[in-house]
Amino acid sequence: MDALLLQILNGLDKGSAYALIALGLTLIFGTLGVVNFAHGALFMIGAFCAVTLQKILSLSSTTLDPTKTDFLGNPAKIETPYVESWFGPEIGAALIDWSVPLGILFAIPIMISIGFIMERGLIKHFYKRPHADQILVTFGLAIVLQEVIKHFYGANPIPTPAPDAFRGSFDFGSMLGFDPNVIIYPYWRLVYFFFSVLIIGGVFAFLQFTTFGMVVRAGMADRETVGLLGINIDKRFTIMFGIAAAVAGLAGVMYTPINSPNYHMGMDFLVLSFVVVVVGGMGSLPGAVLAGFMLGILESFASMNQIKAIFPGIDQIIIYLVAILILLTRPRGLMGRKGVMED
Amino acid sequence: MNALPKNANHASTAPAYFSVWDLHAYYGESYIVQGVSFNVHEGEILALLGRNGAGKTSTLRAIARLDNPSLTHGEIWLDHERLHTMKSHEAAVAGMALVPEDRRIIAGLTVEENLQLAQIVEPVGWSLERIYDLFPRMGERRKQEGVTLSGGEQQMLAIARALARDIKVLLLDEPYEGLAPVIVDEIEKTLNVIKEQGITTVIVEQNAIRALNLADRSVILDTGTVVFDGTAKEVLDNAELRAEYLAI
Amino acid sequence: FTNEPTGGSVTLGFNVPQSGPYADEGADELRAYELAVEHLNGGGDGGMMPTFSSQVLDGTGILGKKVEYVTGDTQTKSDAARASARSMIEKDGAIMITGGSSSGVAIAVQGLCQEAGVIFMAGLTHSNDTTGKDKKANGFRHFFNGYMSGAALAPVLAARYGTDRTAYHLTADYTWGWTQEESIAAATEALGWSTVDKVRTPLAATDFSSYIAPVLNSGADVLVLNHYGGNMVNSLTNAVQFGLRDKQVNGKNFEIVVPLYSRLMARGAGENVKGILGSTNWHWSLQDEGSKAFVRSFGQKYGFPPSQAAHTVYCQTLLYADAVTRAGSFNPCAVGEALEGYEFDGLGNGPTLYRADDHQCFKDVLVVQGKENPENEFDLLEVVEVTPAAQVTYPADHPMFAGGNLGECNPGA
Amino acid sequence: MLGLENKDTKFLLVVVALTLCTPIILQPFPEGSSLAQFNAGYPDLMQRFAIFGIFAIGFNILFGLTGYLSFGHAAFLGVGSYSTVWMFKLLSYNVLPGLVLAVITSGIFALFIGYISLRRSGIYFSILTLAFAQMSFNLAYSVLTPITNGETGLQVYTDDPQYLMGEGALTTTHVFGLAMNKSLIVPIGGWEFNFNVGYYFCAIIAILAFYLSLRIFRSPFGLMLRAVKSNQQRMNYTGLNSRPYTLAAFVISGMYAGLAGGLLASMDPLAGAERMQWTASGEVVIMTILGGAGTLMGPVLGAGFIKYFENIFSKINDNVLHGWFSFLPDGIEDFFINIVNPFFGEGWHLTLGLLFMCVVIFLPGGLMEGGQRILNLLKRKSKDTADDDSAHHPKQSPHVAE
Amino acid sequence: MGILEIKGVGKRFGGLQALGDVNLSVEENSVHAIIGPNGAGKSTLLNCLIGKLIPDTGSVMFDGQSVLGRAPHEINQMGISRVFQTPEIFGDLTVFENMLIPCFAKRDGAYRLHAFETIPAEKEIVEKAEAMLEDVNMQDKIHMHAASLSRGDKRRLEMAMCLVQEPKLLLLDEPTAGMARADTNNTIDLLKEINAKRDITMAIIEHDMHVVFSLAERITVLAQGTPLVEDTPENIKGHPKVMEAYLGQTQQ
Ligand SMILES: Nc1ncnc2c1ncn2[C@@H]1O[C@H](COP(=O)(O)OP(=O)(O)OP(=O)(O)O)[C@@H](O)[C@H]1O
Ligand SMILES: Nc1ncnc2c1ncn2[C@@H]1O[C@H](COP(=O)(O)OP(=O)(O)OP(=O)(O)O)[C@@H](O)[C@H]1O
Ligand SMILES: [Mg+2]
Ligand SMILES: [Mg+2]
């Protein structure tokens, strides 16, 4: 029982990562009809926004300390971050400590502009092209973005810790009356979970309670006719793309304390998020979210020793297995709409 | 105010309200619209006729500033505004409306949403109530998905959608196609209502007699060029002309 | 023999990961190779050449032939690595292939070199199999292996954490992970520890939370992470996130062990490595003459200290050149013979033996710990103990290494 | 001839001639010149051209004709490789039994996966195939290690049974005693041409594979496959069951992939699990689109293009760059090297990514279209649409009212 | 007994009863017209015949066998072809290739692979396809991509594709909509000829009364999902109920 509860909790935060990435992907899929293989790269760039902000905040002035030597025997350098010399050591240190949450503010304008540039410069020429072409061009873009990041940040993961206040974990089990140490849960993962619920809710509300969503959906079904009704659909597509990029980016920013970001983290998530989107059903936002959480939780269950003992290696394939079963029993995934991406 | 096109018009000396001059348009490399010109006065109905493949649809699409066929040469003026430099959504704001030949009801949206979509951008025309008055069946089906309507219902919805905007010129591509005779009567009545409102209309129709009865003037196309431009009555009276280009 | 150098130069093939997760290690290896070539050709300060016990290298290349090199990308995939190595052999006429940053790749390329008849000097490969069941006459390994990690680490663990510990293993689910898990478990169990569970984690896993969460409840008080690279960074980060290190189990502090450390990877885990024990092949803070010379030479050229990967491949390049010179021939069989059973000193890690039976190198192994107060960004690990070579030496027919055989040396065509 | 129309026969002959002369064509620069770096006429790469050509040709039968985008074809490549290596381990180094088994097992595998996946279409189909392939990859990498030798890849060991191995038989792969790694090296002037047995073995099979696909493209079967792509509804209402057609195409292309996998193992007897990873499946998709999906030659070109970059560009390191720019004064030399450096050597991915983008953006029909344009420019004839390949070039369906 | 017997067929879409209780019998070799206001359920009825929809109630017998529960291609193989209201053709193929496909389907059944024949070698089929294209006056568009045909031409192509199959029952859903008058007349002649010469039964939906009255031997008028009257053309013309529900007053 406690083991199950534990894995449900773990699944929830894994699921919130999947759901959040899949949400951005399906926004573009479902509304613009574009298969965006660069979505993982956007997630990665979001994460690197946090890294960059951390680097900027820790930019330092260097002084030489003759009492110490570095590995070559030269006098050692002492670095003091500028923020500390400007705002005083305490505020400065706090700023650096809070660089991930601050990264959200930093990432929003950057991601939206990247989304705009990407859509205007590239994607818009591909609305009418076959999906295969879209895949190839966005895949090319993903490689380019990755390599650029690798060029500047290297291939190794870069530690980007959460603020001190959110480090560590709390004993969730003992709150519920279980034995101590049975169900522990890191603070930051809780933050991530609530954050993703917030973003998902926000996006839903935006598309549900504004005409914007309807227009974009209509534009995907038939751009030409929407244009005939006086609507400048291009502009709205651009905005949509910006939003999707921002969602992906924010997912990335918040993910950095969970796992240190590296340049190919996007590719690691890409295939999985496609599976999530498709299992959820093409073009369905609730479907993507549902599938994200479902697969996250199932994956957690599959990693339990008791289950691995019965089916060795099940945790390696569970997601794909579930995807196959769902697609075979439900033709369009969990909540897919008819006719979307079926050809 | 903008200057008027150089070749004023054939039929009258007053400056035309809606004027198309020397349009040339291509689908990729195939040259389809080969220099079409005509004028329509305010409140007038023009019947654009011709055989299958004559280029009627292509002409309307070029006028509506859709991407395909691409307009390579020519001018389009509506109420002193130059449509030929606009994109389709700008032309729509300028008062141009096209009811396309396959109706183009938007999948995934209900009847009502299809109509609401037309009213997102100013200027807005008829209110939903007024539309449902004219087309009671649309009111009954307002929550049904638009594409599941029957052919005739879809045609009504397409016309209704055009009226939901405040338009200056209405381009109708085969509005009677696939409609029951009663409905054709009904739509014809609607078109007469529209005519009374003073909305300038261009109608493309295979049912030439009906179109000509409704229209004031007529232009006949053949292989992308204008072969006749005159009053509707002239066509109705000229059996030779009808036999040659319209086979009626 | 294959690719016998005829002109005034000889070509070596440096096959390193340039893309994928180990690209930074690959880049560091390449730097070391370039440095080695420079030194062999008489440039720079000679690096470890003056400290090397064998003094036959004189800075005029190898056997008087100028050393040239070609590079390729292994992509950390056995297929791609073999393709790249084949093109070096077939197109560029490379006479020796070296490099790599994972055991799968090393074993695959070693097999290829055996078939093609060139010498293979393995780079980073820590699996027992490389010189165990997959050993080849044409292949040599300078790096240490899983068994040695266990043998070096276990006594330190026992000394620090006591002998009545209960360990929980999380293991990357592929051959390297398994051999390391086996080695560490065997070494710690020999000192009285027990192992509650060994859990395999999927290769593609990025989030280890669901594997880590049950650890505390399992009765274990030590978590052993048999992970490398990105897996290691993530599993360690997750483990610390879950607060494992702040917990008390069985009345003892909960501990985490990362048997195979690499400084480059440790950097990715940031603060989380502090105080965590592991083993490593070499570290730049070593104070013997060879290491100091190498760090100086590398540091002056590139501005930062070399990694263990850089050290390994630098040594191997020198060793190969030395063996050729001593043999007086580029013939792989002659070179192999010169390397087999060769004992030397002065390349860091103290006196070293290339054992003839399995072509494994035996030298001191370092037990290291994440440093609590690093002085600079390279100062992440501190050496806790230098385990003497004798303590990590095992018989050539040790069961963990059984099954393969070297075969005949193959000089190619 | 050979059941082909005249035009196609000519086309086939050109392909045959090009294939046979590959060792010469790919070696345009004299040895020792600074451009020799760009020569690709060495056995490994030439073999790869032929093998991945086969893989892409097969993939194109499915994707180019029916439009079903499989993201799991690498699984068949892997299955083919494993089967072949197992034959080496059990029988002998003769490649023929291995290749036969590779085609059979991959065919059976494809029948199974295809039967299930083809119940869905569009992206749902793609994800089903992807899921199967990823499952195969993950299992091959870990749980199935006894069969696949996991991470390292399946190899032949000296203590393998090799029941049919005679005394003194070759210990490298061969066909009836003709070793695959044998080469005839012909130096002419500054050039050096490498005529390799393995390459010609692959090349002949590739030509057969190409001929077969040509026949399929021109056959009623090929027409039906294109009809599936165009309008499956209409097909059903015309009395045709599209499933057997798509399944046949799927199995055929799976067998091509298996054959390619078998050949890979025959040229280099190791079967790595990465061959089954989604990136490998993605690679063949990219090859096909890059070259021009639905054209006959396009996929082969695309395969060559990618393999060339992977093998040649990744090897251009700083050292080589210095060699190129050494004629410049030092400061300027460094400046140039700093500019081009990110694109070569370890930056080859970046160059490849940029090229993908350029090709798709500027040549919507892939490299084939580029070739067509150049040809048209050369001919300066107004479009002669009935050109060899363009007849089956998928025209984008026009987006007009229909 | 007619060749097509529809008994008690009903179909609901959510809250909408699209077909009520349709009983209809089509005599072999006759031309039977179904007319009715828009939304009466005519196309829905055809959809039930060809396996696109499965009716909620009732039975459909064709040639003594039930069609319900069969896949579309099986129904077609029984001898039913349909021309759709919006043309369904193979847009990516040329006009000629469009014609080949029904020819193969006719000859080989639901599938046969033919992977190693070439198309020109199939002389008979090629000739048959060409002859049919000539019949519908499309011989000069033989190499055009079907997607770039004008709307009227697409209709003619689709009709040719159905006719070349020589079905026992041909279902025509507004075959002349949007067709120029001259072509409409040609089509009427063509259909008449085919009906006479090849013994093809036809069920035709059409709003153009000229077409209906020139072709049909019997007419069923459908309104709101139920048959209103079934009679000969002469009787239908003056039928007051039909006038009110469908023809309107202005019909000449
Ligand atoms: N997308 C396209 N690409 C190429 N050619 C096209 C395209 N659409 C139409 N055409 C061609 O343009 C010509 C004119 O077509 P258009 O649709 O304008 O005719 P129309 O007068 O509307 O005929 P109909 O009465 O049959 O609708 C036809 O010959 C047609 O084949
Ligand atoms: N899939 C569907 N879902 C919901 N309602 C549907 C669906 N298909 C058809 N309908 C409704 O069923 C009714 C009958 O439609 P049908 O297409 O059969 O009419 P029809 O007689 O062919 O009309 P027309 O002459 O205009 O083509 C219409 O009111 C239509 O809106
Ligand atoms: Mg038209
Ligand atoms: Mg209908």
Is D:Phe71 close to chain A through its backbone or its side chain, or both, or neither, when contacts mean heavy atoms under 4.5 Å? side chain
Pick one of side chain, backbone, both or neither for A:His125, based on which atoms fall under 4.5 Å of a heavy atom in chain D. neither
So which part of A:Leu145 gets closer than 4.5 Å to some heavy atom of chain D, the side chain, the backbone, both or neither? neither
When rounded to the nearest 0.5 Å, the distance separating CZ of A:Arg330 from CZ of D:Arg120 is 10.5 Å
A:Leu122 versus chain D, heavy atoms under 4.5 Å apart: side chain, backbone, both or neither? side chain
If you round to the nearest 0.5 Å, how far is OG1 of D:Thr351 from CD1 of A:Ile143? 10.5 Å
Relative to chain D, which segment of A:Leu270 carries a heavy atom at a distance below 4.5 Å: side chain, backbone, both, or neither? side chain
Answer whether the closest heavy-atom distance between the side chains of A:Val144 and D:Phe356 falls below 4.5 Å. no
From D:Val359, D:Val360, D:Val285, D:Ile361, residue fulfilling side-chain contact (heavy atoms from CB on, under 4.5 Å) relative to A:Leu136: D:Val360
Are side-chain heavy atoms of A:Leu328 and D:Tyr124 found at a separation under 4.5 Å? no
Is there side-chain contact between A:His131 and D:Leu69, with at least one heavy-atom pair below 4.5 Å? no
Are D:Ile286 and A:Phe139 side-chain neighbours, meaning at least one heavy-atom pair lies under 4.5 Å? yes
Which atoms of D:Phe132 are under 4.5 Å from chain A, going by heavy atoms: the side chain, the backbone, both sets, or neither? both
Part of D:Leu352 lying under 4.5 Å from any heavy atom of chain A: neither
Is D:Leu354 close to chain A through its backbone or its side chain, or both, or neither, when contacts mean heavy atoms under 4.5 Å? both
Got a second to check how far D:Asn138's CG is from A:Ile319's CD1, nearest 0.5 Å? 10.5 Å
Taking the side chain as every heavy atom from C-beta outward, state whether A:Phe274 and D:Leu130 have any atom pair closer than 4.5 Å. no
In Å, rounded to the nearest 0.5 Å, how long is the span from CG of D:Leu144 to CD of A:Gln316? 10.0 Å
Option in A:Thr138, A:Val278, A:Val275, A:Leu141 with maximal non-hydrogen atom pairs under 4.5 Å from chain D: A:Val278
Hey, what do you get for CD (D:Gln134) to CG (A:Leu272), rounding to the nearest 0.5 Å? 9.5 Å
D:Ser126 OG to A:Ile135 CD1 distance, which is reported to the nearest 0.5 Å: 6.5 Å
When the 4.5 angstrom heavy-atom criterion is applied to D:Val143 and chain A, the contacting part is side chain
Side-chain heavy-atom pair D:Met135, A:Ile324 within 4.5 angstrom cut-off: yes
Max heavy-atom pairs within cutoff under 4.5 Å with chain D, candidates A:Ala142, A:Pro312, A:Ala323, A:Ala132, goes to A:Ala132
Side chain, backbone, both or neither: which part of D:Leu355 has a non-hydrogen atom closer than 4.5 Å to chain A? neither
